[in-house]
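In what follows, a structure is listed as structure tokens, so that the remarks can point back to it.
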There are 2 protein chains.
Amino acid sequence: MRIGEIAKRSDCDVETVRFYEREGLLDVPAREANGYRRYSEMHLVQLNFIRHCRSLGMGLADVRTLRSFQANPELACDEINQLIDGQIARIHQQVESLRLLERQLHMLRDTCHANQKISECGIIRNLTQAAEGEGCSCHPFGKPN
Amino acid sequence: MRIGEIAKRSDCDVETVRFYEREGLLDVPAREANGYRRYSEMHLVQLNFIRHCRSLGMGLADVRTLRSFQANPELACDEINQLIDGQIARIHQQVESLRLLERQLHMLRDTCHANQKISECGIIRNLTQAAEGEGCSCHPFGKPN
DNA sequence: CTTGACCCTGTGGTAGATACAGGCTGTCAA
DNA sequence: TTGACAGCCTGTATCTACCACAGGGTCAAG
């Protein structure tokens with residue numbers, strides 16, 4: 001199949017397929033006489049594997065690692081477990097900080113309900129006061145990373 | 001104060017301060033005779049405001065918008081509410097999809113506990129099978145964005 | 001007089017794509 | 001036959017929000 005078809009069948013962009021090839025994640029395909037890429041079913045499996053890992057939030061470096069593990073089936077799978085555990089920890093961490101963020105935003109939002117002038121807007125006042133180090137009426141803000 | 005001090009007092013990097021200036025988020029400071037940037041307390045408030053918004057997960061475009069609102073206190077604050085509401089929706093969305101992701105990763109992790117060979121590893125098998133379109137023993141995987 | 005901590009500009013890199021520019025190939029209809 | 005249009009090619013630039021240099025200037029202390 002050609003690049004347009006494999007892209008459609010794996011639900012991603014044509015440019016993304018070429019990008020994965022450049023990155024060494026997807027095997028280099030054969031070429032037709034006119035220079036067009038010619039993909040096999042194996043490429044489709046590879047591409048779906050990559051997209052699946054990406055949908056689990058893994059970075060391309062992790063995908064590369066998993067693919068090399070696949071290529072060496074005699075190795076022990078401790079490293080795979082570690083990789084997945086690391087991924088779980090990262091995601092958990094992200095969830096926690098985003099939930100905190102969500103609560104902070106709700107509190108901020110509650111400081112302004114009515115349609116009033118900006119000079120009286122609780123949100124702007126809140127954000128500005130925090131910036132002036134005068135504390136904040138709705139919560140103790142965290143520092144950016 | 002000089003750039004090193006304002007950076008330290010707003011808990012960010014010197015390069016980041018120059019970056020905000022280039023991006024037009026932080027007012028251009030005066031210069032000393034030797035060319036060094038000279039900041040006032042006003043700049044510190046501006047910088048803290050930016051860092052505070054960033055800590056709430058807002059993008060620099062939103063910060064720019066908020067700063068322009070600050071500069072026009074006679075406007076109604078409907079737009080500010082919309083901006084914050086949009087931010088809340090984005091964060092909520094992110095939390096939800098990450099929580100789903102976390103559950104999926106836990107299920108995936110549960111398919112491999114023992115120290116065994118990769119050829120028998122449930123994780124690799126799971127990821128590969130999903131890629132082959134044979135379904136997945138632990139859950140229905142979502143597609144990447 | 002040298003060391004070391006600052007500061008300057010400018011450029012390039014990160015992740016994971018996305019979006020062209022500019023050009024070739026292939027197929028269909030008028 | 002000609003023209004339109006979709007699809008493919010390479011290569012480069014763009015995006016976010018910075019971080020990390022290189023290569024150089026400035027300044028106070030020892």
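A, B, ... follow the sequence lines: proteins, then strands. Residue 1 opens every chain.
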(message) Rounding to an integer number of Å, can you tell me how far B:Arg38 CZ sits from D:dC27 C1'?
(response) 13 Å
(message) Please encode protein proximity along nucleotides 5-11 of chain C as a string of B, S and -, counting only heavy-atom distances under 4.0 Å.
(response) -BSSB--
(request) Heavy atoms only: give me the nearest A:Leu101-B:Ser55 pair and the separation to one decimal. (result) CD1-O, 3.6 Å
(request) May I ask you to say whether B:Arg37 pairs ionically with B:Glu21, meaning some side-chain N is under 4.0 Å from a carboxylate O? (result) yes
(message) Between B:Met58 and B:Ile84, is there a side-chain heavy-atom distance shorter than 4.5 Å?
(response) yes
(message) According to side chain to side chain donor-acceptor pair (under 3.5 Å), who are the partners of A:Gln82, at least two apart in sequence or on a separate chain?
(response) none
List every contact pair, protein side and nucleotides 14-16 of chain C side both N or O, where the distance is under 3.5 Å.
{"from": "C:dG16", "atom 1": "OP2", "to": "A:Leu60", "atom 2": "N", "distance (Å)": "3.1"}

(request) Mind calculating the distance between NE2 (B:His52) and C1' (D:dA17) to the nearest angstrom? (result) 18 Å
(message) Enumerate the salt bridge (charged side-chain N to carboxylate O under 4.0 Å, His left out) contacts for residues 55-64 of chain B, please, sequence neighbours excluded, ordered by first and then second residue.
(response) B:Asp62-B:Arg90
(request) Evaluate the side-chain proximity of A:Leu98 to A:Glu102: yes if any heavy-atom separation is below 4.5 Å, no if none is. (result) no
(request) Look at the side-chain N and O atoms of B:Thr16 and state whether any lies under 4.0 Å from the OP1 or OP2 oxygen of D:dC19. (result) yes
(request) Return the angle between end axes of the helix from C:dC1-D:dG30 to C:dA30-D:dT1, with five pairs used per end and rounding to 10°. (result) 30°
(request) Could you tell me whether B:Arg18 and B:Glu23 make a salt bridge, using a distance below 4.0 angstrom between a side-chain N and a carboxylate O? (result) no
(request) State whether the side chain of B:Gln46 and the backbone N or O of B:Asp27 hold a donor-acceptor pair below 3.5 Å, judged by distance alone. (result) yes
(request) Name all pairs fulfilling the ring-ring contact (aromatic ring centres under 6.0 Å, His included) condition that reach into residues 8-41 of chain B, sequence neighbours left out, sorted by first residue then second. (result) B:Tyr39-B:His43
(message) From CG of A:Asp13 over to P of D:dC9, roughly how many Å is that when rounded to an integer?
(response) 13 Å
(message) Are the side chains of B:His92 and B:Gln87 in contact, using a 4.5 Å heavy-atom criterion?
(response) no
